[in-house]
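Take a look at the structure below.
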Amino acid sequence: MSQHTAYPEKSASGTAAAPVLVVRGLRAHVAGQQVVEHVDLEVAATGVTALLGRNGVGKTSTIKAVMGLIGREGGITLDGQDISHLPTHRVAQLGVGYVPEDREVFSGLTVTENLRLAERRGSEHRYDLVYDLFPELRERGQQAAGTLSGGQQQMVSLARALLNDNRVLLVDEPTKGLAPRLVQEVARVLAHAAEVVPILLVEQNLQVVRTLARDAVVLTDGRSVHHGPAAEFLDDPVATQRLLGVHGGTDPAGAV
């Protein structure tokens, strides 16, 4: 299949801005089993890049591999710096924020304690931004995170990543299992966050992708097979049917 090249960002001087995150020939494995075969992707210096594909094709594993949470080989650079062999805590210290698929809040700790644990030494702690986006978290600061609703726990998970001055966010399935009203709220927050920090977004809801993403990378069987503008891909019913199993431009549910 031919691959489309995403449109490069332009800097203030009009020259093409380098992508913040570049992945080349990524392979990843869990317990000796190969889960990512060969992924190439770039995350633009601004905005949202969507990582799409059917269930089980390696999207979450790709993000975990970038974070160093599973075994990986291949090239990974952050603003030109090789991070492919760094442990997870060093990747995070360099400014890669991670919002996991299943939220993974510390259920026995309060909301405030969850946020304070996320504070990275040497980073600006943007509580004003977090409480502006999630005023409910200030109100529920002393409540145990495990007693929050699923949507509220997702707010905590997003807030932890937004708290620090990160260079890129890896956000995995943020609207999974949420009611439609909360899906819209999460999309609003991500749109605002993308004005501050570039995002690599794994998302099954194609309406959310259409709203947020400028570029898209599509995986099949652990391999990247398509790169290009998100809207162009979603408007191609043949490509979305072949690669996602839905008609991106017409599917009323907007989900894969």
Please examine the side chains of His29 and Glu73, heavy atoms only from C-beta on, and report whether any two atoms are closer than 4.5 Å.
yes

Got His226 and Leu52 here, is their nearest side-chain heavy-atom distance under 4.5 Å?
no

Any side-chain heavy atom of Val48 within less than 4.5 Å of one from Val209?
no

Give a yes or no on whether Lys59 atom NZ has more than 12 heavy-atom contacts from other residues, nucleotides or ligands under 6.0 Å away.
yes

Could you check if a side-chain atom of Leu158 sits within less than 4.5 angstrom of a side-chain atom of Phe134, using non-hydrogen atoms only?
yes

For the pair Thr112 (side chain) and Gly141 (backbone), establish whether a donor and an acceptor sit closer than 3.5 Å, ignoring hydrogens and angles.
yes

So, the side chain of Gln153 versus the backbone of Leu148: is there a donor-acceptor pair under 3.5 Å, distance only?
yes

With Thr220 via side chain to side chain donor-acceptor pair (under 3.5 Å) - residues at least two apart
none

Student check: side-chain heavy atoms of Tyr127 and Arg138 closer than 4.5 Å:
no

Spell out, as yes or no, whether a donor-acceptor pair under 3.5 Å connects the side chain of Thr49 to the backbone of Leu200.
no

Between Arg90 and Gln93, a side-chain donor and acceptor under 3.5 Å:
yes

Would you say the side-chain atoms of Asn164 pair up with the backbone N or O of Gly97, donor to acceptor, closer than 3.5 Å?
no

Test item: Arg72 side-chain N/O and Ile70 main-chain N/O as donor-acceptor pair under 3.5 Å:
no

Side chains of Val99 and Leu169: does their closest heavy-atom pair fall under 4.5 Å?
no

Considering only heavy atoms from C-beta outward, does the side chain of Leu115 approach that of Tyr131 to under 4.5 Å?
yes

Taking the side chain as every heavy atom from C-beta outward, state whether Gln154 and Thr175 have any atom pair closer than 4.5 Å.
no

Determine yes or no for a side-chain-to-main-chain donor-acceptor pair under 3.5 angstrom, with Thr88 supplying the side chain and Gly68 the backbone.
yes

Quick one, Thr77 with Arg24, criterion side-chain contact (heavy atoms from CB on, under 4.5 Å). Give me CA distance, side-chain angles, the key distance, then yes/no.
CA-CA 9 Å; Thr77 58; Arg24 293 287 181 261; over 6 Å; no

Where the side chain of Ser224 meets the backbone of Asp40, is there a donor-acceptor pair that is under 3.5 Å apart?
yes

If the condition is salt bridge (charged side-chain N to carboxylate O under 4.0 Å, His left out), which residues does Glu173 pass it with, not counting sequence neighbours?
none

Sequence neighbours left out, what pairs pass salt bridge (charged side-chain N to carboxylate O under 4.0 Å, His left out) with at least one residue falling in residues 114-134?
Arg126-Asp165

Taking Gln207's backbone N and O only, do any of them form a donor-acceptor pair with Asn205's side chain (distance below 3.5 Å, no angle check)?
yes

Any side-chain to backbone donor/acceptor pair from Asn114 onto Phe106? Under 3.5 Å, distance only.
yes

Qualifying residue, where the test is side-chain contact (heavy atoms from CB on, under 4.5 Å) with Tyr98 and the options are Asn166, Val91, Leu69, Val168
Leu69

side-chain contact (heavy atoms from CB on, under 4.5 Å) partner of Pro174, the single match among Leu182, Leu190, Ile199
Leu190

